[in-house]
Colleague: 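Once you've had a glance at the structure underneath, I'll fire off some questions.
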Amino acid sequence: MNQHFSFIILTYNEEMHLPRLLNSIAGLNAETFILDSGSKDDTVAIGEKAGATITQHPFENHPKQWDFALKNFAVKTPWVICVDADQIVTPELYKQLDNFRNEDYKDVNGIYFNRKNFFKGKWIKHGGYYPFYLLKMIRFGVGFSDTNENMDHRLIVPGNTLIWKQGHLLEENLKENKISFWIEKHNKYSDLLAHEELERMLSIRQQTVKPRFWGSPDERTAWLKQRWWKMPRYTRPMLYFIYRIIFKLGILDGRTGLIFHFMQAYWFRLVVDIKIDELLKQRESENR
């Protein structure tokens, strides 16, 4: 058994994705923990066949689900790698993990992986989507899930981090090949994000990550979010879409990429802005 790191995977009806991920990490001999939220397909059976430790927990949002996983699984290794079921470890990343030794990283608490995101079978290479670094490998007991986020799920570690630019996580949710699934999922996400932003407007919810433009990938994201929250609603989705298409060359992603950038940058964020206004009106009505 791998003495350096273990894997944690979140699942819900992932029978089409989980085998890909498990096959991509099988030779690493790392203990694998799966936190399932009530799958009704063969997800649990697939995990059990692979020898994973499986626990059930009702899903509220991704940050809280990761928080539960990190606090309740009996991880014995100094490091843990937290991946989504629709992600795959490439051979290049596999090689880096296979050569990983804890004693070589004594001054590091977190490692960012480079992600390639796919939509309807196409790699979204432009529009600010590549390179895209995710903190996925953390020192266990040191790193934690940022529950001050409602939708965006990120791990946080104090101290030093580093970025593995070579090797990738490939992320492709095959369910999203049906746009109706994508819309339904993002409609739920828009509820979470609208409530979160309202709470930030009311100073009920604060950022955990220190915003710094020249900091880590997550610190830069925190800095950009502060600017986003100050922008006028209804205008910002269009500005963001134009920024991704023109300035970040999203137009080079072709027709499929344009659909993705429009839906993700404009449609989704416009829906969030509409729901924020609905929540504000509801709050005004309740306070009368």
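None of the values given here were measured: they were computed from a predicted structure. Along the sequence shown, the residues carry numbers beginning at 1.
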Colleague: So, do L10 and H153 sit near enough that their side-chain heavy atoms are less than 4.5 Å apart?
Modeller: no

Colleague: Membership question, hydrophobic clusters at under 4.5 Å side-chain separation (ILVMFWY): are V44 and L22 in the same one?
Modeller: yes

Colleague: Atom NZ in K275, atom CG in L270: separation rounded to 0.5 Å?
Modeller: 11.5 Å

Colleague: State, without any angle test, whether E286 and Q282 hold a side-chain donor-acceptor pair at a distance under 3.5 Å.
Modeller: yes

Colleague: May I have the step-by-step check of ring pair (Phe, Tyr, Trp, His ring centres under 6.0 Å) for F260 and F119, ending in yes or no?
Modeller: CA-CA 7 Å; F260 174 80; F119 177 71; 5.3 Å; yes

Colleague: Which atom pairs, one a donor and one an acceptor, fall under 3.5 Å between side chains of residues 156-166 and the rest of the protein, sequence neighbours left out?
Modeller:
from: N160; atom 1: ND2; to: D107; atom 2: O; distance (Å): 3.0

Colleague: Is R200 salt-bridged to E149, cutoff N-O under 4.0 Å?
Modeller: yes

Colleague: For T256 and K120, run side chain to side chain donor-acceptor pair (under 3.5 Å): C-alpha distance rounded to whole Å, both residues' side-chain angles, the deciding distance at 0.1 Å, then the answer.
Modeller: CA-CA 7 Å; T256 300; K120 288 184 172 291; over 6 Å; no

Colleague: I'd like to check Q226 versus Q207 (side-chain heavy atoms, cut-off strictly below 4.5 Å). Are they in contact?
Modeller: yes

Colleague: Taking only residues two or more places apart in sequence, or in another chain, which ones meet D41 in a salt bridge (Lys or Arg N to Asp or Glu O under 4.0 Å)?
Modeller: none

Colleague: Nearest 0.5 Å please: distance from the CE atom of M231 over to the CZ atom of R227.
Modeller: 12.0 Å

Colleague: Return each pair, listed once, that meets ring pair (Phe, Tyr, Trp, His ring centres under 6.0 Å) where at least one residue sits in residues 10-50; pairs must be two or more places apart or across chains.
Modeller: F33-F73

Colleague: So M201 and L280, do their side chains get closer than 4.5 Å, heavy atoms only?
Modeller: yes

Colleague: Check the hydrophobic clustering (I, L, V, M, F, W, Y; side-chain heavy atoms under 4.5 Å; chains of links allowed) and say if Y243 and I251 are grouped together.
Modeller: yes

Colleague: Could you check if a side-chain atom of N173 sits within less than 4.5 angstrom of a side-chain atom of F181, using non-hydrogen atoms only?
Modeller: yes

Colleague: Tabulate below the donor-acceptor pairs under 3.5 Å that side-chain atoms of residues 135-147 make, not counting sequence neighbours, or state none.
Modeller:
from: K136; atom 1: NZ; to: C82; atom 2: O; distance (Å): 3.3
from: R139; atom 1: NE; to: V108; atom 2: O; distance (Å): 3.3
from: R139; atom 1: NE; to: N109; atom 2: OD1; distance (Å): 3.1
from: R139; atom 1: NH1; to: N102; atom 2: OD1; distance (Å): 3.2
from: R139; atom 1: NH2; to: Y105; atom 2: O; distance (Å): 2.7
from: R139; atom 1: NH2; to: V108; atom 2: O; distance (Å): 2.9
from: S145; atom 1: OG; to: P63; atom 2: O; distance (Å): 2.7
from: D146; atom 1: OD1; to: N148; atom 2: N; distance (Å): 3.1
from: D146; atom 1: OD1; to: T208; atom 2: OG1; distance (Å): 2.8

Colleague: With ILVMFWY side chains joined below 4.5 Å, transitively, what does F132's cluster contain besides itself?
Modeller: L134

Colleague: Find the distance between OH (Y189) and CG (N61) and round it off to the nearest 0.5 Å.
Modeller: 10.0 Å

Colleague: Any chance the side chains of Y129 and D253 put a donor and an acceptor closer than 3.5 Å?
Modeller: no

Colleague: Is I8 reachable from F59 through a run of I, L, V, M, F, W or Y residues, each pair having side-chain heavy atoms under 4.5 Å apart?
Modeller: no

Colleague: Apart from Y130 itself, which Ile, Leu, Val, Met, Phe, Trp or Tyr residues share its cluster (side-chain heavy atoms under 4.5 Å, direct or through members)?
Modeller: I88, F118, W123, L170

Colleague: Using the rule given for salt bridge (charged side-chain N to carboxylate O under 4.0 Å, His left out), can you reason through E92 versus K116, listing the C-alpha separation, both sets of side-chain angles and the distance that settles it, and then say yes or no?
Modeller: CA-CA 13 Å; E92 295 80 10; K116 286 185 177 180; over 6 Å; no

Colleague: Parallel, tilted or perpendicular: which fits the ring planes of Y266 and F262, with parallel below 30° and perpendicular above 60°?
Modeller: tilted

